[in-house]
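Just so we're on the same page: letters track the sequence lines, and every chain starts at 1.
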Protein chains: 2
Amino acid sequence: MSARPPFPVFDPLSAAFAAARRAGMAGEVPVGAVVVRDGRILATAHNRPRGLKDPTAHAEILAIREACRILGDERLTGCDLYVTLEPCPMCAGAISFARIRRLYFGAYDAKGGGVEHGPRVFNQPTCHHAPEVYGGFREDEAAALLRDFFRERRDA
Amino acid sequence: MSARPPFPVFDPLSAAFAAARRAGMAGEVPVGAVVVRDGRILATAHNRPRGLKDPTAHAEILAIREACRILGDERLTGCDLYVTLEPCPMCAGAISFARIRRLYFGAYDAKGGGVEHGPRVFNQPTCHHAPEVYGGFREDEAAALLRDFFRERRDA
């Protein structure tokens with residue numbers, strides 16, 4: 001008898017991690033993001049600035065744009081975003097404009113993060129919508145994913 | 001004899017204003033942006049979040065993405081961006097990632113700007129590339145464009 005349940009468990013963070021690993025396999029910095037609404041995954045994306053030759057093609061931006069396309073709405077009211085890394089200032093801005101309800105992220109990013117570091121976009125009085133923020137999920141795994149990616153590229 | 005030269009003057013800021021007026025006519029907040037390289041306009045865009053149902057479809061993001069598509073490069077090294085309004089934090093982040101050389105903008109935006117207000121994205125130690133920034137060009141015209149747009153919508 002398996003200890004695992006015989007059905008897929010709803011685990012958007014694992015889906016975000018799987019997307020991050022796909023990014024790494026494609027030579028992109030391994031970050032993945034998932035938009036969830038009503039207990040279902042609406043959109044999944046990974047980091048693709050190199051592949052798309054688009055500096056805005058971060059996982060969060062692509063997942064938000066895809067979710068908006070699916071819903072036919074520029075606002076994702078009631079939707080939550082799961083991402084493997086603390087979003088940068090650009091993505092934090094997009095999360096605010098999209099009216100994301102809750103943000104869950106993996107590793108903190110002291111070098112490039114814009115939520116708990118640097119400009120702390122959601123904490124500014126000029127930020128008109130801030131999601132609830134929960135950080136540090138599976139932090140070691142998220143950090144290892146990035147560390148291994150950069151180590152491999154450096155040694156290659 | 002006309003005091004005007006008999007040929008089109010290269011004036012990217014006027015092109016950005018024309019794009020902003022097109023946005024207003026389409027019911028979008030009137031902001032326009034132009035990417036310039038080597039004295040030529042590479043890409044022009046206006047604000048389109050409503051039309052595209054995409055919260056990231058600010059003029060700057062669309063102009064940067066279009067310029068990257070044209071150049072086949074995720075970096076716009078040596079390119080300058082002209083925009084009618086101080087960019088928001090999301091767009092400031094995109095400007096940094098795109099390696100824009102110089103940013104010229106019209107009106108300052110105390111409510112939503114992310115360059116001279118709020119998170120001041122380029123002034124953070126976590127910002128890895130900051131353009132040269134020049135603000136306040138044709139500020140009255142840029143501010144009037146926005147004021148008239150919101151007044152018309154309020155009165156409608």
Under a single-linkage definition using a 4.5 Å side-chain heavy-atom cutoff for Ile, Leu, Val, Met, Phe, Trp and Tyr, are [X] and [Y] assigned to the same hydrophobic cluster?
X      : Y     : value
A:L71  : A:I64 : yes
A:I100 : A:V34 : no
B:V29  : B:L85 : yes
B:F137 : B:V83 : no
A:F105 : A:I95 : yes

With sequence neighbours left out, write down each residue that passes side chain to side chain contact (heavy atoms under 4.5 Å, CB included) with A:A59, or none if nothing qualifies.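 Expected list: A:V31, A:A33.
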Pairs where residues 12-37 of chain A contributes a residue and the test ring pair (Phe, Tyr, Trp, His ring centres under 6.0 Å) is met, not counting sequence neighbours: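 Residue pairs with at least one partner in residues 12-37 of chain A: there are none.
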Return one line per donor-acceptor pair between chain A and chain B under 3.5 Å, naming both atoms and the distance rounded to 0.1 Å.
from	atom 1	to	atom 2	distance (Å)
A:D54	OD2	B:R65	NE	3.0
A:R65	NE	B:D54	OD2	3.0
A:K111	O	B:H128	NE2	3.1
A:H128	NE2	B:K111	O	3.1

Remaining members of B:M90's ILVMFWY cluster at a side-chain heavy-atom cut-off under 4.5 Å?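 Noted: B:M90 shares its cluster with A:I61, A:M90, A:F97, B:I61, B:F97.
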Name the region of A:A92, side chain, backbone, both or neither, that has any atom closer than 4.5 Å to a heavy atom of chain B. neither
Need one label for A:P49: side chain, backbone, both or neither, based on atoms under 4.5 Å from any heavy atom in chain B.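 A:P49 touches chain B through backbone and side-chain heavy atoms alike.
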Chain A heavy atoms under 4.5 Å from B:A110: which part of the residue, side chain, backbone, both or neither? backbone
Taking every non-hydrogen pair under 4.5 Å, which of A:G112, A:P125, A:C88, A:G72 racks up the most with chain B?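 The residue among A:G112, A:P125, A:C88, A:G72 with the greatest pair count is A:G72.
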